[in-house]
Colleague: 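First the structure, then my questions, so here it is.
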Amino acid sequence: MKKITWLLLVLLALALVAAQCGGPAATEAPAQATEAPAQPQEAPTEAAPAPAPAEESGPFRVAIVMPSPTTDMAWGESIYDSLLRLQEETGGEANFEIAYSEGMFNVTDAAAAIRDYADSGYDLVIAHGTQYGTSLFEIAPDYPDTSFAWGTATDTGADQGLNNVFAYEARAEQGGFVNGVLAAHLTQSGVLGVVGPVEAGDAKLYIDGFVAGAKYANADITVNVSYTGSFGDTALAAEAANTHIQAGADILTGSAQQVVGAIGVAKEKGVLWMGTQADQSPLAPDIVAATQFYDWVPALRDMMEKHQSGTMGGVVYSLTLDNGGLQMLYSDNLDQNAVAAAKDTEAAIAAGSIDPFTAEAGAGAAMADEAAATLNYDFDPVRVAIIMPSSITDMAWSQSLYDSLKQIQDVVGADKLEIAYSEGMFNVTDAAAAIRDYAENGYNLVIAHGAQYGTSLFEIAPDYPDTSFAWGTTTDTGAEQGVTNVFAYEPRAEQGGYVSGVLAANLTKSGIIGVVGPVNAGDAKLHIDGFLAGVKAANPEAQVNVSFTGSFGDTALAAEAANTHIQAGADVLTGSAQQVVGAIGVAKDKGIPWMGIQSDQSPLAPDIVVATVLYDWRATLINMIKMNQSGEKGGKVLQLTLANGGQTMIYADSLPAEAVAAAKAAEAGIISGDIMVEIQ
Amino acid sequence: MNEGLSVLAIIVGIAHSGIRLATPYLYAAIGETFSQRSGVLNLGVEGIMLMGAYSGFFVVFKTGNLFLGVLAAALTGILMGLAMAFISVTLQAEQGISGIGLFMFGLGASSLLFKTTLGTVEGVKGFPELHLCLPSGYCLSDFPVLGEIFLGHSLMVYGAFALVPVSWWILNKTTWGLKIRAVGQNPQAADTLGVSVAAVRYITISIGGMLAGIAGASLSISLLNIFQENMTNGQGFIAVALVYFGSWTPFGVLAGAMLFSLINALQLWVQVLGLNIPSDVAVMLPYLLTIIVLAFPFRRALQPAALTKPFERGEN
Amino acid sequence: MQNPWLKRLQAGRIIDTLLPLVAVAGALIVGAVILFLLDKNPVEAYKAMFTGAFANKNGLADTLVKATPLLLVGLGIAIAFRGGVINIGAEGQLVVGALMTTFIGLSLGEKLPGWLVIIIALAGGALMGGIWGGIPGYLKARLNVNEILSTVMMNQIAVQVGFYLLRGPMIDPAEVAAGTNIPHSARLPKSVDLPRFVDIARALGFTERAKDLGLTGFNAELYGLFAEPTRLHTGLLIAIVMAVLVYILLWRTTIGYRIRAVGISPAASRYAGINVQRYMVLSMGLSGAFAGLAGAVEILGLHHRMFEPLSVSAGYGFSGIVAALFGKLHPLGVIPSSILFGGLLVGGDKMQRAVQIPQVLVTAVLGLVVLFVVGSEIWSRRRANRRVSTGPDELSGAAGEASS
C-alpha cells in the first residue's frame, strides 16, 4: 500500500515539476497542442473530396448547448425558437439539422458537450452561456473546420489566435429602456417593480436599461428592483412580484426563466407585465403589455452563410433595435400615446440619439409627451389670452385649458409665452369687451373658451386680421361669413364619455348609474351621449339616470342631484361642468365611485374618483400658435380625441382589472376606428 | 424611497407574504415530520414535490377541477412515498442515498412529463384567494391589520396551517401517534409489543409523500398557477432542514417555516424599499438569520433514535 | 491488520461486483422502455452512453475529469459520515474553496514560482472549504445546531457570496473595461495551471500521436488519453493520492480511529475520554476541506478562472454523496465509484446528444440507477451477514476496532 502511495506522490511531484520547469515549456506545450491537430485534421479533408461540396450536399448542422431548458420562456427558448425558424426558412431538417443540450448549468458537462458536437462534425456549435467561454476557447483550436459561437460575449478569442469563434450579445438595455419609457407612461401609481435573477449579465443589462428608461421618461418615478439570487426560483420570484404590488407597483418586469412565477402573480392581480427575451404573452395575453423579443435568426443566418463561405468566426454580433435583432412587441390594448412614446424612443435608440446608459433622468419627460401628441415647442414668442365663463380652478372646463397653457409655459418660459386670462365671464357682453381688448393690445391668439361667445367673436375678428381667434366648443370657423382668422376647436367628448360609460357599466353592481349634467348642450351633451352609448354597449341592462341641473355653477343643486341618484340606487356617478364638485362631495361621503371629465378631479376625493377623461389642450394650443406664426390665422377646426392625445384616460389603482381592461379595450377600439360612438 | 408606505403597511405586507411563502414548506415539512418520527429520513421530498406540482397542475389544466388536482397530487405523492418505503423499509437501503435517487427521478420525470404533455409553460386558474366579502361589498380581508394579514389567502394556505394542530394531535394524542413515535425511537421494542414496524413506516412515508405532493400542488395550482421545470428550486431540501429546526414537532416546524418565510419576505421588502444593501446580501439574509437564530441555546433536540437506521427483525 | 471490509470484498467479490451492475441494467431497462415510448432507439442510445463515457480518449478524459471533483467531495462526505455528521454542504464548501483558490492564484500568480502558488492555492482552497464546513461543525458541537439544516443554509450563503464577489471585487478588470461586465474573474496566470496529462507526456518525451505510432482501436484511444491533448489534468492524481491519504488517516492513525469512534457512538467515545465535540468539528472541517480542495482543483486544473456558480441543488454536492455511498464510504471504494458515477453522468449526456432526448430523461434514468443500486444492496448485505458475523453494516467493522 505504501509503495503505491509513494509512487503516486512521485507522480504528483513530477507533475508539479513539469508545470514549473515549464515557464517556457508549459507555454510551448499548449502551443503545440493547438497547432498539432491542425495538420492531421487538414490532411484528411484534403485527401477526401474538397470541403465545399460536402457542405453543399449535406445539411447545415447546428448544435447548441445552453444552461436552461428550451422551454424556459426566456434566454434558452429565445435562441432555440430562432433556430427552429431558421430551420423552417432553409427548408426543414433535410437542409438544417439542430441538436441541443439543455440544462447544462454544469460547465464541465457543457464543455464535454461542446467538444463532442464539434467532434461529431457539426458545422456550428453554439455555447449559449457566458460561463462557457473559457472552455470554448480551449476546445475551438482543436476543430478549425467547425465554427463556434459564444454568447453573451463580445470576445471572439482573436487575441488568443482563434479565428473560428463568433461572439454574440443582446443589447438588452435597449429594449429595457423602451419598456421603461412605456411603463413610465402607463403607470398610474408611479411605482414600477422589477424581479431580477442575479445582478449580472443579460439580466442586469436589461434591468439597468429599464430603470434608466423609466427615469428618463419621468424623473420622479419609483422603480423598485429586487433580485431573487437565482435563475430558477419561481416561487420566490412570484413572492417578489407580490411584494412589489404591495409596495404600490402597477407595472412589473423581470428577466430569466423564473419570471413565469412573477407573470402568474401579475396575471392574477391584473398588473401589467413587460417581458424580455422570449415572447411571454402566451402565458398571460391580457397583461403582457410589451416584450423585448430576441430575434437571433439574422445573426444565426449570417453565421451559417459565413461558415459556408469559409469564414469560420471572428465576427461579433449584437442584437440591437437598429438591426432588428431586438424587436418590441406591443399588446393591442395599450394606451396609444404611451405606445407612441415608446416607439419614438425605439427610433431614437436605433438612430443613436439616445444612449440608454447616459440618458439623463427626466430628459424624456418633455420629449415623451411631445411624442404623445407630436408636441414641438419650437415657436417664436407669443402672447395668448383666454376668456372663459368659469374660473381657472373650476376643476372642469376652464381649468383644463388653463392648465394646459400653463404647462406649455413651464416648458418654454414666460418670456416666450405670455398668458392673460379673464375668468368668470358668464356675461357675454363683458366677454366680448375682453376679447376686443386683448386683440387691441396685440395678443397673437385670443381664445373665446365658451360656445356662447360665438356671435360676438365673429363681429370682432374681422377688425383684427393679424390676430388669431379661437372658439370652442364648435366646428364653425365663420368661414361662411367670410371670417378667416378664427380657429374652431372641439373636444370629441363622446369618446371619453363612451370609455367612462364602459367602465361604469363594468363597475356597477346595482345596475344603476347616475349622471349629473349642467345643460343638455355642447361639451356636456357630447360627453353624456357618449357615456350612454358606452354603458349600453357594455351592459344593455344597466340603467342610466341623467339629471341636468340647468346651470353650470349650481354646486348645491348638483350635490342634491347626486344624493337623489344614490337614493335611486345608483352606485356609480359621473357628471360634467364646474358644479360637479358638489356632486363629488356627496359621492365621497357615500363612498360612491365617481368618473370625472375635463380636468383631473381626483385631488378632491382621491378615493372615489376612479377614472377621469383628462382634456389635454397642449397640442391644440401649440398647433394654433404655430399656424398663427406661419401666417395661417384661422379657418381650421381642431379636435381633441383619444387618438391624438387630446383626451387621456386616467384610471385609479383601486379599479378591478377586468373593468379597466374593458375600458382600455374601448379606448383602443375608438382609436382604431372600430368603435364609432353614436351621438343623438 | 416609498415614503408613502407606512411601517404598518410594510409589516402587514411582510406578514401576508410570509404566510404564503410558508405554505409549501409547511406541507412538505410536516409530511417529513411523520416520516422522520417513524425513523425514516426521506431526502426525496424535492422530487415528490415536483411530481405533485406537475400532476396537480396537469389535472387542473385538463379538467379545471381544483380538487381533482389536489387529489392527483396527493396520489402521486403517495405512489412516490410507497416507492421510497419499498426501497428504504423493505429493501433496507441507505435512506439518504435513496432519497437523492428519488429526488433525481422526480426532477427528471416531472420535467419529462411536462415536455411531452405540455411542452410550454401554461397557466391555469388555481385556488382563488378568499376575501370573505359581506353583501355590502366590504371585504373582511380589508379589515385593518388582522384581516389584511390573515385573510385573502387561498384554501391551500389555510389547509397548510390547519395541518399543524391536526398532525400534533395525531402524533401526540392518538394511539397511532404513539406507535409512530415508538417505531422511530425503539423499533425493536415496538416490534416486541406487536407493532409492525414496516407497516407503520410504510404509512408514515406515504403520508409524507402525500403531503409533499400537495406541497408541490400548493405551488402549481394555488400560489403560482403555472408549472415550470424544477419549479421547487430546492424548497424540498429546505423543508427537510426545517424538520430538524422544528425538533420533529409540528409546531416547531411551523415556527421554523414562518421564521424562514418571514425573513424571506423581509428581504424582498428590503430590496423594494431601496435600502442600500447589495441584493446578494439581502438574498442570503433568510439563510444567515436562520442559522443565527438556531445558534441561540435551545433545549436539546429529541432526534428519533432510530432515524436513518433500517430495521430488520431479529437484529441485535 | 485485518480489515473486514477488505476481507468481505475478497470473499464475495464477484457477486458483489455483479449485483450493482445487474441493478444498473435493471434501471436502464426501465429507461429503455421510456426511450421506446419517446420513439427513440434504446440500443443506439445506450451504445452512445457507453462509448461516450469509456470508449474513446475524450470520453474517458471527460469521465475522469468529472470523477475528480466527485472523488474529492466523496472523500469529504465519507469522513463526515464516518465521524457521525452529515454534510449536505459540499456544494457551498466547493464554491468558497474555488473562490479562495482564484483569489490566491490571481494575487500571487505573478509574484511567486508557479509550483509554489499551486500549493498555496490548493491549501488555501482546502482551508477555506474547511472553515466553511467547520462552522456547521462548531455550531453542532457547541450549540447543538443540526448540521443538515446549517449546511443547506450555508450552501445558499456561499453561492450568494460568490455572486457578490464576482460582480464586484473579483470581476475581471477586462470585463469592466470592455463594458461587458461578464461576472467572472480574470484568467489565472498560465503558470498556475495544473499540468494536463498531455503536458507531462510531452515533458517526458512522448510527443508522437497515436497514429504516428501505428496504434489503432482502444489502444490508440488509451494512448491518446495520456499523450494527446485532452482535458485530463493532474487533479485526478491529486484526488487519488488524497483517497489513499484519507484511507491512511481513517484506518492507520489515532485521529482517524477517534473520528470513527465518535461516529459510531458519541457516548461511548466520551467515556473513553475522547473530546467528542472537537472531533465533530474536525470531521466537518476535514469534510469541508476536501470539498474546498475539489473546488481548488476544478479552478486550477480545468476552468482557470472563477465564474458564476449557477446551481446548488444538483451539482457536485449531491453527486459526491452518491459517489461516496456507492463506494461504501470507504476512501478507496470511492475511487472506482466516482469514476463509474462520473462515467454515468458523462455517458448520459452523450446519450442525450446522440439521440436528442430531453436532458431530463437522463436525470430521471440516473435517479432510477441510484434507486436500483441502493435497493439491491440488501442482497449483498444479507450475504455479508451470513459470511461475517460482525454485523450488517461496514460501520460495525469500525465498531469492532473502536471497542477493541
Side-chain angles (χ1 to χ4, degrees), chain A residues 68-74 77 102-103 189-191 193-200 222-249 257-265 267-269 278 280 282-285 509 571 591, chain B residues 1-5 9-10 12-14 16-18 20-21 23-24 53 111 114-115 118-126 128-129 137 148 218-220 223-235 261 264-274 278-284 286:
Chain A
S68 53
T70 54
T71 51
D72 66 356
M73 285 228 159
E77 186 165 334
E102 57 186 349
S189 64
V191 182
V194 182
V195 182
V198 173
E199 215 172 333
T222 304
V223 188
N224 295 325
V225 181
S226 60
Y227 288 95
T228 60
S230 90
F231 290 83
D233 199 334
T234 319
L236 197 59
E239 206 46 53
N242 264 317
T243 305
H244 283 306
I245 292 170
Q246 279 170 25
Q257 67 263 33
Q258 59 167 357
V259 296
V260 296
I263 295 173
V265 169
K267 185 178 173 185
E268 200 146 298
K269 306 265 157 130
Q280 292 151 350
L283 193 57
K509 294 197 175 69
D571 60 356
Chain B
M1 296 242 168
N2 283 301
E3 297 86 353
L5 286 161
I10 294 170
V12 166
I14 291 173
H16 196 79
S17 286
R20 240 187 336 243
L21 281 172
T23 300
S111 303
F114 161 77
K115 277 175 182 296
L118 295 169
T120 179
V121 181
E122 303 271 2
V124 291
K125 195 137 188 57
E129 293 176 351
E148 289 171 308
S218 76
L219 285 169
S220 68
L223 295 172
L224 303 175
N225 299 329
I226 52 143
F227 180 84
Q228 193 188 31
E229 292 171 57
N230 193 18
M231 67 187 293
T232 52
N233 200 52
Q235 291 193 356
S261 304
N264 223 339
L266 171 76
Q267 69 92 355
L268 289 173
W269 275 97
V270 163
Q271 294 192 55
V272 164
L273 293 176
S279 62
D280 328 78
V281 176
V283 171
M284 70 172 80

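Chain letters run A, B, ... following the sequence lines, proteins first and then strands; every chain starts at 1.
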Colleague: So, B:Ser220 side chain and B:Ala53 main chain: donor-acceptor pair closer than 3.5 Å or not?
Modeller: yes

Colleague: Measuring heavy-atom distances to chain B, does A:Ser68 have an atom under 4.5 Å in its side chain, in its backbone, in both, or in neither?
Modeller: neither

Colleague: Before giving the answer on side chain to side chain donor-acceptor pair (under 3.5 Å), spell out for A:Thr71 and B:Glu229 the whole-Å C-alpha distance, their side-chain angles and the decisive distance to 0.1 Å.
Modeller: CA-CA 9 Å; A:Thr71 51; B:Glu229 292 171 57; 2.9 Å; yes

Colleague: Using the side chain to side chain donor-acceptor pair (under 3.5 Å) rule, take A:Thr70 and A:Glu102 through it: C-alpha gap first, then chi angles, then the decisive distance, then the call.
Modeller: CA-CA 7 Å; A:Thr70 54; A:Glu102 57 186 349; 3.2 Å; yes

Colleague: For A:Gln257, is there any backbone N or O sitting under 3.5 Å from a side-chain donor or acceptor partner on A:Asp72?
Modeller: no

Colleague: At a 4.5 Å cut-off on heavy atoms, which part of A:Gln280 comes close to chain B: side chain, backbone, both, or neither?
Modeller: neither

Colleague: Just by modelled atom types, is the A:Gly248 backbone N or O under 3.5 Å from a matching donor or acceptor in the A:Ser189 side chain?
Modeller: yes

Colleague: Under a 4.5 Å heavy-atom cut-off, does chain A meet the side chain of B:Lys125, its backbone, both or neither?
Modeller: neither

Colleague: How about A:Glu239 and B:Ser17: does a side-chain donor come under 3.5 Å of a side-chain acceptor?
Modeller: yes

Colleague: Could you tell me which of B:Ile226, B:Asn225, B:Leu219 has the largest number of non-hydrogen atom pairs under 4.5 Å with chain A?
Modeller: B:Ile226

Colleague: Please determine, among A:Ala235, A:Ala238, A:Gly261, A:Gly264, the option with the most heavy-atom pairs under 4.5 Å with chain B.
Modeller: A:Ala235

Colleague: For A:Tyr227 and A:Pro197, which heavy atoms make the closest approach, and how far apart are they?
Modeller: CB-O, 3.6 Å

Colleague: Under 4.5 Å, counting heavy-atom pairs only, tell me which of B:Met284, B:Gln235, B:Met231 racks up the most with chain A.
Modeller: B:Met231

Colleague: Which residue out of A:Glu77, A:Lys509, A:Lys269 racks up the most heavy-atom pairs below 4.5 Å with chain B?
Modeller: A:Lys269

Colleague: Quick one: which of A:Gly193, A:Gly103, A:Gly232, A:Gly229 has the most heavy-atom pairs under 4.5 Å with chain B, could you say?
Modeller: A:Gly232

Colleague: At a 4.5 Å cut-off on heavy atoms, which part of A:Val225 comes close to chain B: side chain, backbone, both, or neither?
Modeller: backbone

